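In what follows, a single structure is set out as structure tokens and then discussed.
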Amino acid sequence: MSTPKRILVTGSAGRIGRAAVAELVARGHDVVGFDVNPTPGLPPARSVVGSLTDATALREAARGCAAIVHLAATPDDAHYPRGNHGDNFLNELVPNNVVGPYQIMEAARELQIPRVILASTGQVIGGHLLSGNVPVTPESPYKPRYLYACTKVFLEALGQVYAKEHGLEVLAVRLGWCPRAGQEEEFRQSPFGPDVYLSPRDAGRFFAAAVGAPALPPFAVVYASSRFVTREMFDLTSARDLLNWEPRDQWQESKAEEF
Ligand SMILES: NC(=O)c1ccc[n+]([C@@H]2O[C@H](COP(=O)([O-])OP(=O)(O)OC[C@H]3O[C@@H](n4cnc5c(N)ncnc54)[C@H](O)[C@@H]3O)[C@@H](O)[C@H]2O)c1
């Protein structure tokens, strides 16, 4: 059990954010949620409703925190490849996934918050998953899927720069697939869904381990997924070694109601 700390969780009202908040609270941390929606499971005084693009509100929420778990984002492309539809790059991905992470890293730098955990995605190496060039490691070259994945490549690069230039500990985690409401069918039709599945409980335990790890390298990339079913897609060695974290769950169709 790590020492209780004050932790800012952005995107705390979302699918993974709620799981991270629940696990951090269960481990005794003083959790501050930050989301455009109220955060379930936190008292109103600890559930800040605001946008990442509001630098003042973000700094107020982050003041006094020992770490930031940064999950707030637009979590996927809309209508991509474009076809006859527009994309969501300028109206959603740029403010939430490009400007937002910049504001997070600036807040951490100014307020001297020593550790930032950034939610990246397996989509930054999505091309390897599709071609079967697996298991991917943190050293695998980028093969981003669409525009959302490009914003997460930026996120990782940003973390690397702030670690080097400003002495922060930054951990970028390429998360597996924790399906949101409405993604059930897409998940089932995916050729590798069960092998990249990330259960909410494993996600919560991952973020608690990342917050509690006594020391981290200045910058590292790790993968986080539950246990694969048929084929190893993500090499979890670096998460095991750095965080002493091990996934416990595995996708089971019979437990699909846990989606
Ligand atoms: N769920 C997955 O399978 C998965 C996989 C890989 C990576 N991720 C990443 O994990 C993180 C969480 O994803 P999720 O599935 O929980 O998504 P989600 O949509 O359920 O949660 C995202 C939350 O961020 C909030 N948010 C968005 N823009 C914001 C802003 N500008 N200011 C404040 N709050 C804002 C939303 O209100 C929402 O509650 C995201 O960064 C996503 O890219 C998710």
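Predicted model only: the values in this text are computed from it and were never measured. Hydrogens, waters and symmetry mates are skipped; everything else that's a heavy atom, side chains included, is used. Start at 1 and go down the list; that is how both ligands and their atoms are numbered.
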### Pairs satisfying ring-ring contact (aromatic ring centres under 6.0 Å, His included), at least one member in residues 215-242, at least two apart
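ring-ring contact (aromatic ring centres under 6.0 Å, His included) check on residues 215-242 returns Y223-F234.
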### Query
Can any side-chain N or O of Q183 pair as donor or acceptor with the backbone N or O of R180 at less than 3.5 Å?
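Checked: pair present.
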### Query
After noting the C-alpha distance and the side-chain angles of T137 and D235, does the key distance pass the side chain to side chain donor-acceptor pair (under 3.5 Å) rule?
CA-CA 5 Å; T137 71; D235 182 345; 5.9 Å; no
### Query
So do F207 and V9 actually touch side chain to side chain, heavy atoms under 4.5 Å?
no
### Query
What pairs with E246 under side chain to side chain donor-acceptor pair (under 3.5 Å), at least two apart in sequence or on another chain?
R240
### Message
Once ring pair (Phe, Tyr, Trp, His ring centres under 6.0 Å) is applied, do any residues pair with F34, and if so which ones, sequence neighbours excluded?
### Response
none
## Note on the structure
Near ligand 1 (heavy atom, under 4.0 angstrom), the protein residues are G11, A13, G14, R15, I16, D35, V36, N37, G50, S51, L52, L71, A72, A73, P75, N96, A119, S120, T121, Y148, K152, L175, G176, W177, C178, R180
